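Worksheet: the structure to be examined is printed underneath.
Model, not experiment: these values are computed from the prediction.
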Protein chains: 2
Amino acid sequence: MKNPEARRPTIREVAKLARVGLMTVSRVTNNHPSVRPSTRKKVEAAIAQLGYQQNEAARLLKGQRAKMIGLIVPDLSDIFFASCAHTVQQIARAHGYMTLVVSSERDADLEVQQAELMSSRKVSGLLIVTSTLPGDDRLHHLQGTGLAIVAFDRPLPGLNTDCILVENRAGAEEAVQHLIQHGHRRIACVGYDEKTYTIHERIQGYSAQMNASGLKTQITLELLTLDGVRQWLIEMMASKSRPTAIFSLNHRTSVFLLKALAEQKVRIPEDMALIGFDDFDLADVVTPPLTTVAQSPVELARRAMGLLLERIQNQQKGASGASPAKILLPTRLMIRGSCGPHKRLEP
Amino acid sequence: MKNPEARRPTIREVAKLARVGLMTVSRVTNNHPSVRPSTRKKVEAAIAQLGYQQNEAARLLKGQRAKMIGLIVPDLSDIFFASCAHTVQQIARAHGYMTLVVSSERDADLEVQQAELMSSRKVSGLLIVTSTLPGDDRLHHLQGTGLAIVAFDRPLPGLNTDCILVENRAGAEEAVQHLIQHGHRRIACVGYDEKTYTIHERIQGYSAQMNASGLKTQITLELLTLDGVRQWLIEMMASKSRPTAIFSLNHRTSVFLLKALAEQKVRIPEDMALIGFDDFDLADVVTPPLTTVAQSPVELARRAMGLLLERIQNQQKGASGASPAKILLPTRLMIRGSCGPHKRLEP
DNA sequence: CTGAAAGCGCTAACAC
DNA sequence: GTGTTAGCGCTTTCAG
């Protein structure tokens, strides 16, 4: 059992054991090409024998970047972002990086502050699900300083970085279309956070599809508490142009709707159809099983990490960045029972 | 807009501006007592003027610990641990620490490896929800090296660290008691992962309560897939000593039971009562609302971080560790509808 | 109470 | 190809 706190061997000891100079060892550990294969072998043997590992701190002090990547998400206790974090950390680990995780609490100031902190800690790359709003380009100066940045789920305003997004608009359109095919004409769109890129896109999709079908949009935002949803529902049910279907923009709102509809004894889908953006584990356990628009946090994170690692490698090679990639991931309509009769699909 | 990548001022520049020696600046930044107040003022002014911040790398190289804490959980994509991580990271940030997060994938080897990695990265403290099994004391050598370690949710085998646990046993007893009060006599206990401390404790609680009431235990483990649960349920319903109530040890199993019961058209609670360990968001949205034993990940993480920060401060002061604290957090029975008629409680 | 010197482990730049 | 030198920015000694 080796004690990781015991003074670890230094490059100097390796050099002595291998009977070479310090620099040769350094070159070997850094994969420098100009080392004779026979020499390299000797050094590698010494490294193995001593169990030598580079000292991060010393490398940092010499201006290198840390074998760390930083991840900033709006809310780590949200299962969606937690899944992203899980995947990111898993891939990072496989590539020898540790992961610094921060939840920005949906606060742009905090996000910027933490991003700068990470940058000053010399992380190799930054993965951000931004909470900054369009026009806020405070993250701009982090670019082009050898720090790789990849945005995912939402684009970074004013920043020309790689980004991985989900087809929120198309997903919303598909959802509305599904409702229309089931004969619905008065379809309400509810949720909150309309300033967020993803929600904004979903609203656009809803509106576009409604307009294309010659239907009147009916959008209510700021529905982010159970009370709010309940109250809205009661009003709706009493109104004479009451919708026959609801398209919910947020997971939270979907859940509250489920509760409120049950409370008010509104039957789904007979009295009211419901479709929610964002799939979740229990969607097919609630009654009736909820039809949703699913997106994959794992795939999102996987692609984002892929791009980030690529960037990091390029920067190490000194290659000036290729033009930023923009990747769009599809959504998937999970048809269950909440929009009317349909054969049930296994997840 | 200051550029965090621009060469930052060093201690030398601060010293020059304040017209003192390097050491005086160092003493000020490290809160050393032996600095005359007037001198301290001067230095502080210079620090503020230059926006000086200590260079982590240099401090690390001199053997100090990083302003980082490490967190290892079994599965970051599990909402329970994600909530823990969220809270930990939040408190860490408030105290000037960054958080290194790793998911051990329930793999003891990986956990040990990552813990050592973090230790070698000189984190100030380690927070672990262990996946090691009793008898595995590979983490032992990390102790007493100036690294503060706090275990939570599960104790660290063979390690004499602070730890924060949940009253799993009492929670299970309460659940079983609840079922008994509703007239149930044949109560099955199902789940998986019985080697894990928490599950083990819950099984103990179940058994103790059943025995105390003169009832026969009926335990089935390894029920960690929907298929498995479904099959088990079918067998159970056909058996002549079929249980009238189920105590589910794991969240996953509870969800699968909900699905399987619905599939088999078994009515809850009329045909079968159900109570699950671990509360969740949608517990009162499923039909019928599920009665659960709730534990608070936020409180768990809060207490763990509290203890960890305390340890870290003590170690900085050189105080040899106080004897490890053991804290037990209570569970809370969330009575909803799945065990029989009862007035419904709001969460 | 304050300062000067030494060096943590590494790598960039230059010699050979 | 390979070795030598000179710091990176800080804190620990040890003088004053």
Covered region of DNA chain C, 5' end to 3' end, by chain B [heavy atoms, under 4.0 Å] = C:dC1 to C:dG9

A:Glu111 and A:Thr130 side chains, donor-acceptor separation under 3.5 Å | yes

B:Ser103 and B:Leu76: which non-hydrogen atoms are nearest, and at how many Å?
-> OG-N, 3.3 Å

All pairs passing salt bridge (Lys or Arg N to Asp or Glu O under 4.0 Å) where residues 85-100 of chain A contributes a residue, at least two apart | A:Arg93-B:Glu105

Any pair with a residue in residues 48-57 of chain B that passes salt bridge (Lys or Arg N to Asp or Glu O under 4.0 Å), sequence neighbours left out, goes on the list, sorted by first then second residue, please.
-> A:Arg121-B:Glu56

Output all residues satisfying side chain to side chain contact (heavy atoms under 4.5 Å, CB included) with A:Leu22, sequence neighbours left out; order by chain, then residue number.
-> A:Ile11, A:Arg12, A:Ala15

Contact summary for A:Ser131 and A:Asp107, nearest pair of heavy atoms | CB-N, 4.1 Å

What parts of residues 11-20 of chain A reach DNA chain D, counting only heavy atoms under 4.0 Å away?
-> A:Val20

Taking side chain to side chain contact (heavy atoms under 4.5 Å, CB included) as the test, write out the residues that go with B:Ala45, two or more places apart.
-> none

By salt bridge (Lys or Arg N to Asp or Glu O under 4.0 Å), which residues pair with A:Arg40, not counting sequence neighbours?
-> none

With no hydrogens and no angle check, is any side-chain donor or acceptor of A:Lys326 less than 3.5 Å from a backbone partner on A:Thr161?
-> yes

Between B:Ala57 and B:His32, name the one whose nearest nucleotide on DNA chain D is closer to the 5' end.
-> B:Ala57

Please confirm whether the backbone N or O of B:Ala325 pairs with a side-chain atom of B:Asp162, one donor and one acceptor, at under 3.5 Å?
-> yes

Shortest non-hydrogen contact between A:Val28 and A:Glu44, atoms and distance = CG1-CG, 4.0 Å

Please report how far the helix from C:dC1-D:dG16 to C:dC16-D:dG1 bends, comparing the axis fitted to its first five pairs with the axis fitted to its last five, to the nearest 10 degrees.
-> 30°

Ranking A:Leu22 and A:Arg27 by the position along DNA chain C of their nearest nucleotide, the one closer to 5' is A:Leu22

Take A:Ile91 and A:His95 through the side-chain contact (heavy atoms from CB on, under 4.5 Å) test and state the conclusion after the steps.
-> CA-CA 6 Å; A:Ile91 299 175; A:His95 291 260; 3.8 Å; yes

Check side-chain hydrogen bond (donor to acceptor under 3.5 Å, both in side chains) between B:Asp153 and all other residues, then give those that pass, not counting sequence neighbours.
-> none

Donor-acceptor pair, B:Asn30 side chain versus B:His32 backbone, under 3.5 Å?
-> no

Positional range of nucleotides in DNA chain D within the contact set of chain A, heavy-atom, under 4.0 Å | D:dG1 to D:dG9

Excluding sequence neighbours, so at least two apart, what forms side chain to side chain contact (heavy atoms under 4.5 Å, CB included) with B:Ala57?
-> A:Leu60, A:Leu61, B:Asn55

Please list residues of residues 33-44 of chain A whose heavy atoms come under 4.0 Å from any atom in DNA chain D, ordered by number; otherwise none.
-> A:Ser34, A:Val35, A:Arg36, A:Thr39

